[in-house]
Amino acid sequence: MELFSIKARSSREDIHISGVERIVSSKELEETILNILKKVNRENADFISIKIEKLDRKPIVLKKSLCIKELKFNNFKEANSFAIDYLSEITGIKKERLSYLINLIHSGASPNGENMRGAMIINQGGERLELDRYRGVRTTTVDFINRGDILKRLLDLGFTERTLDALALSTKNLYNENILAEYCISDDKDYIAGYIATKDEYIRIFPLKEKGNRKGGRIYFVKNDTDINELYNYLENYPILIEDVCLKRI
Ligand code: AMP
């Protein structure tokens, strides 16, 4: 079967609004593109790009996503304090440095004080490794095989479509041996859930950011000896399809 990668993004006055990634068969192409257009065409976008490419290699098929787990806190400060403790344990990065980096995500980690388009990359020494700090690195070419069915199951359990997208993305990220963990908050001012992904868990954390804050972003924590060009190549070009969602811990 021929598979196509769709990568879409929108912006206004060069400020990123929204991005969507899908892998679909040729017969799903038209419907998916219309749905994607609806999704990215918001906040008075003045630029929308939708790129469609036939996959040039066979995707790796993963049986399961990371396992979803949920944690609730009284407020975003307590939640971030948990996140910092946990990420420090996993990565060995000092808590003060983690706190600085996470604050940067909450206040706009791009050099112009806006949101980065992709993720920040941090090694175990707490150093930033992105090749371009405006853009960061974008994880693309990953999707669930039966996306519609899985979305329905997640919605029935009270999750959102964002959870599905983020779960696919973080499953691809953590499948890479050099990525140890991920931290994410949305750039939607009303979406205050976030997550930490580790090698086997997607920990959905509520609330991980302050309501009304339109800053958001991702941090990928990597091993010290990571080859950065190889990492970019894996995240941006390597197609991954996921068969099922792991819900066993709920
Ligand atoms: P979202 O979950 O779509 O609200 O995205 C939150 C933030 O994560 C964005 O502001 C970007 O900085 C970053 N981001 C979004 N999509 C990607 C991606 N495909 N790969 C890496 N980082 C991303």
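Throughout, residue positions are numbered sequentially from 1 according to the sequence presented. For ligands, and for the atoms within them, numbers begin at 1 and follow the listed sequence.
- Asp200 places no side-chain N or O within donor-acceptor distance of the main-chain N or O of Leu66, the cut-off being under 3.5 Å.
- Not a single heavy atom of Gly19 sits under 4.0 Å from any atom of ligand 1.
- When only interatomic distances are considered, the shortest N/O to N/O separation between His16 and ligand 1 does not fall below 3.5 Å.
- Contact analysis leaves Asp165 out of contact with ligand 1, as no non-hydrogen atom separation drops below 4.0 angstrom.
- At least one heavy atom of Tyr220 sits closer than 4.0 Å to an atom of ligand 1.
- Among the atoms of Asp188, none of the N or O lies under 3.5 angstrom from an N or O of ligand 1.
- In summary, the atoms of ligand 1 found under 4.0 Å from a heavy atom of Met116, numbered by their order in the structure, are 10 (O), 11 (C), 12 (O).
- For a threshold of 3.5 Å applied to N or O pairs, the pair formed by Asp187 and ligand 1 contains at least one separation below that value.
- Atom numbering of ligand 1 starts at 1 in the shown order; those under 4.0 Å from a heavy atom of Ser186 are 4 (O), 6 (C).
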Could you please spell out the steps behind the side-chain contact (heavy atoms from CB on, under 4.5 Å) verdict for Asp225 and Asn178? CA-CA 8 Å; Asp225 54 0; Asn178 286 307; 4.3 Å; yes
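- In this structure, Phe73 has its ring center at least 6.0 angstrom away from the ring center of Phe206.
- The closest approach between a heavy atom of Leu235 and any atom of ligand 1 is not below 4.0 Å.
- The environment of CZ in Phe4 is crowded: more than 12 heavy-atom neighbours from other residues, nucleotides or ligands sit within 6.0 Å.
- Taking every non-hydrogen atom of Leu169 and a distance limit under 4.0 Å, the qualifying atoms of ligand 1 come out as 18 (C), 19 (N).
- Geometrically, ligand 1 and Gly118 share a nitrogen or oxygen pair separated by less than 3.5 Å.
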